[in-house]
Peer 1: 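First, the structure itself, so that you have it in front of you.
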Amino acid sequence: MTTKERLKPGDTIGILGGGQLGRMLAQSAASLGLKTHIFCPDPNSPAFDVSASYTVAPYDDIDALNRFANTVSVVTYEFENVPGPTAAHLDERVPVRPGVRALEVSQDRLFEKEFLSGAGVAIAGYAEVNSQEDLENAVEGFGGAGVLKTRRFGYDGKGQLMIRDNETVPGAYEAIGAVPAVLEELVPFECEVSVIVARTLDGTVRSYDVARNHHENHILKSSTVPAGVSPETVETACRMAEQIVAGLEYVGVMGVEMFLVRDETGERLLVNEVAPRVHNSGHWTQDACLTSQFDQHIRAVAGWSLGSSDRHSDVVMENLIGFDVDAWSDVLNDPAAQLHLYGKAETREGRKMGHVNRIGPKSG
Ligand code: AMP
């Protein structure tokens, strides 16, 4: 690794996106002696409060991007929908980590599935859908059920339609906007789990323990670790996550979401999707591990070595969504709870306002 690729304390990391993930990345960078420059179009970005500098500009403002690139040693991002041309433009001037390829793969569900099956990890059956006719054929092929998902810009259940019987099929392609899509097999999963994995410039890979995730209204509500799965399943989950980051020559932290299926043969995992960034289901690492996912990401994109991802405590992370946050002072009275608030000026229904990590002695 050249010294150019490796940042020194005092250098600046550019972060695209100024939400809570950008904010917690900036906090970790500061604790490691690095500065951050946040680039975000929203003038009220919560990350601005904790960053040495910031730029308010649209992601296609070339002059603003050039000025930003001139002030930073590396660029990273806190959301996967960074426009391709923005990432490519910056990448000509300064290293973008994780790379542009990780964005291309995670922004398109079809490319993602093709990549994942090529990398040798298990995924649900899928078919490309570009018309109502394609959809009808695919549903028939999957025994009359499936989940129709737009290839691009789907998140938190948006751009998706669950098909459980033939009645939902007519008009379904129209209902998701008649845009390029995929149909996935309907997975009879017991629960959803995730793994946070990190990879350095020199290819060292380290993953965290598996979290069991619970969603409400399509939004993550809590993550529990340990996840209550067998040690073999933890091993398989980590191995799959590691195969994915190795296949992408990825640098930084990635969240890998999986379905856990339990049948007569035991536990089985299918990768659902990957997020090329720190992930909400990894917030538990802040208080249950020596090195949080945010520290780990900053270390990796700075060209530094990784910290330990070992877990020293059991933990339940609970998201404070919308007016849940009004209970913040009760959390302070719980000696086992650590409160994390994002400093958002306005509380809105469904908005992630903060989270709580509740810690207990390590059970296994
Ligand atoms: P996603 O946007 O892919 O994370 O999907 C949102 C939610 O829809 C997931 O958290 C699951 O609860 C459900 N879901 C997505 N894909 C499938 C599938 N193939 N089978 C069953 N449920 C699914």
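Computed from a predicted structure; not experimentally measured. When a ligand or atom number is given, it counts from 1 through the structure's own listing order.
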Peer 1: Tell me yes or no: between the side chains of Glu242 and Ser207, is some donor less than 3.5 Å from an acceptor?
Peer 2: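 There is such a pair (donor and acceptor under 3.5 Å, judged by atom type) between the side chains of Glu242 and Ser207.
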Peer 1: So if I count the atoms of ligand 1 from 1 in the order they appear, which ones are less than 4.0 Å from some heavy atom of Val147?
Peer 2: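 Answer, ordered by atom number: 17 (C), 18 (C), 19 (N), 20 (N).
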Peer 1: Once you restrict to heavy atoms under 4.0 Å, what part of Val187 touches ligand 1? Side chain, backbone, both or neither.
Peer 2: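 For Val187, the contact with ligand 1 is made by both the backbone and the side chain.
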Peer 1: Hey, does Thr76 have a side-chain heavy atom less than 4.5 Å from the side chain of Ile13?
Peer 2: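 Yes, at least one pair of side-chain atoms sits under 4.5 Å.
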Peer 1: Judged on heavy-atom distance to atom 5 (O) of ligand 1, which of His215, Gln160, Arg109 sits nearest?
Peer 2: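 Checking each option, the heavy atom nearest atom 5 (O) of ligand 1 is found in Gln160.
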Peer 1: Asn272 heavy atoms, cut-off 4.0 Å: which ligand 1 atoms fall inside?
Peer 2: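 Reading through ligand 1 atom by atom, the close ones are 1 (P), 3 (O), 4 (O).
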Peer 1: Classify the side-chain pair Glu192/His214 by whether it contains a donor and acceptor separated by less than 3.5 Å.
Peer 2: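 Not at all, the side chains of Glu192 and His214 share no donor-acceptor pair under 3.5 Å.
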Peer 1: Out of all atoms in ligand 1, which are within 4.0 Å of some heavy atom of Glu273? Include the element for each.
Peer 2: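 Near Glu273, meaning under 4.0 Å from one of its heavy atoms, ligand 1 has 1 (P), 2 (O), 3 (O), 4 (O).
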Peer 1: For Arg109, run the salt bridge (Lys or Arg N to Asp or Glu O under 4.0 Å) check against Glu80, Glu273, Glu128 and tell me which one passes.
Peer 2: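 Of Glu80, Glu273, Glu128, salt bridge (Lys or Arg N to Asp or Glu O under 4.0 Å) with Arg109 is met by Glu273 alone.
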Peer 1: Which of these, His355, Arg358, His283, sits in a side-chain hydrogen bond (donor to acceptor under 3.5 Å, both in side chains) with Glu318?
Peer 2: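 Result for side-chain hydrogen bond (donor to acceptor under 3.5 Å, both in side chains) with Glu318: Arg358.
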Peer 1: May I ask which of Glu184, Glu185, Glu192, Glu257 has a heavy atom nearer to atom 11 (C) of ligand 1 than the others do?
Peer 2: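 Result: the heavy atom closest to atom 11 (C) of ligand 1 is in Glu192.
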Peer 1: Any non-hydrogen side-chain atom of Val169 less than 4.5 Å from a side-chain atom of Gln132?
Peer 2: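 The answer is yes; the side chains approach within 4.5 Å.
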Peer 1: Does ligand 1 have an atom that lies less than 4.0 angstrom from a heavy atom of Lys149?
Peer 2: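 Yes, Lys149 has heavy atoms under 4.0 Å from ligand 1.
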